[in-house]
Amino acid sequence: MVHPRSFESGQSSKLLSRSEPVLQFHLISLFPEVFKTVLESSLLGKAQKKGLVTYSLTQIRDFARDKHRTVDDTPFGGSEGMLLKPDILCDAWESVMQKVPVEETPKLKTILLSPQGRLLDQALARELAQSTHLILVCGHYEGVDERFIELCVDQEVSIGDYVLTGGELPALVLVDAVTRLVPGVVGNERSITEESLENGLLKYPQYTRPREFRDLKVPDVLLSGDHGAIGAWRQNQMLDRTEKKRPDLWQKFSLKSKSRR
Ligand code: ADE
């Protein structure tokens, strides 16, 4: 991936930014309007207001070269559907790269959301949260011309083994999973390390008031005030639940524990 300092800038709209965000997301899409509500709501919106992250949106169609604003074409060799054109995608990508200072590019990654990519899990979200810039390219139609991937993309990421109509929802899933790992976004750091999947296990069950609801009682140990006992109970629940509900995770966890021993 080459830094295109010499290319002209395209149109991208900053939703909000502050002087030194920890992580800057750049979303490249044919449907940038779908992002706004989610990015401005809840924790993602707060992260932005606190200046911890920024989101920029780039409309691929703004880089079309004809009066019909064409962005796709039929595949050589014949097959179903249309492909996003490499020249237009590269121009859109370069317009984003142009705005990133060269010294920040070592921690920049360009990701194409695609069912062919590495499956997004908590470990990958942690890896991506180490970046300073993430350019997320949302594919559409039947796919993108392979040369765009070769020239500009560092990694393809999938959110699951099913095919969606485009990369917008996967990009939002990725932004959400990564943003909440940026230090300062989730108030209590412990709540991140204790949660589902951080250690390869599911989280323990949790309860709030009332102590009894429709004949179901909160387990006594949680009302005991004995933090040692509560910790042990939670640890057991995590092991039990993972074994019962997610045998795939349980197997990975058991293998890891064996190799550590
Ligand atoms: N685009 C279409 N389907 C997808 C998936 N499962 N993950 C990421 N991007 C996609």
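Both counts, for ligands and for their atoms, begin at 1 and track the order of listing. The first residue of the sequence shown is numbered 1, and numbering continues consecutively from there.
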Can you name the closest pair of heavy atoms from C138 and I60 and give their distance? O-CD1, 4.1 Å
Can you work out which protein residues put a heavy atom within less than 4.0 Å of ligand 1? L113, S114, P115, V157, S158, I159, G160, Y162, V163, L164, G166, P170
R241 versus L202, closest heavy-atom pair with distance: O-CD1, 4.0 Å
Can you tell me if Q130 and K107 form a side-chain donor-acceptor pair at under 3.5 Å? no
D154 side chain to T110 backbone, donor-acceptor under 3.5 Å: yes
Electrostatic pair E94-K99, nearest N-O below 4.0 angstrom: no
State yes or no: are the ring centers of F25 and H133 separated by less than 6.0 Å? no
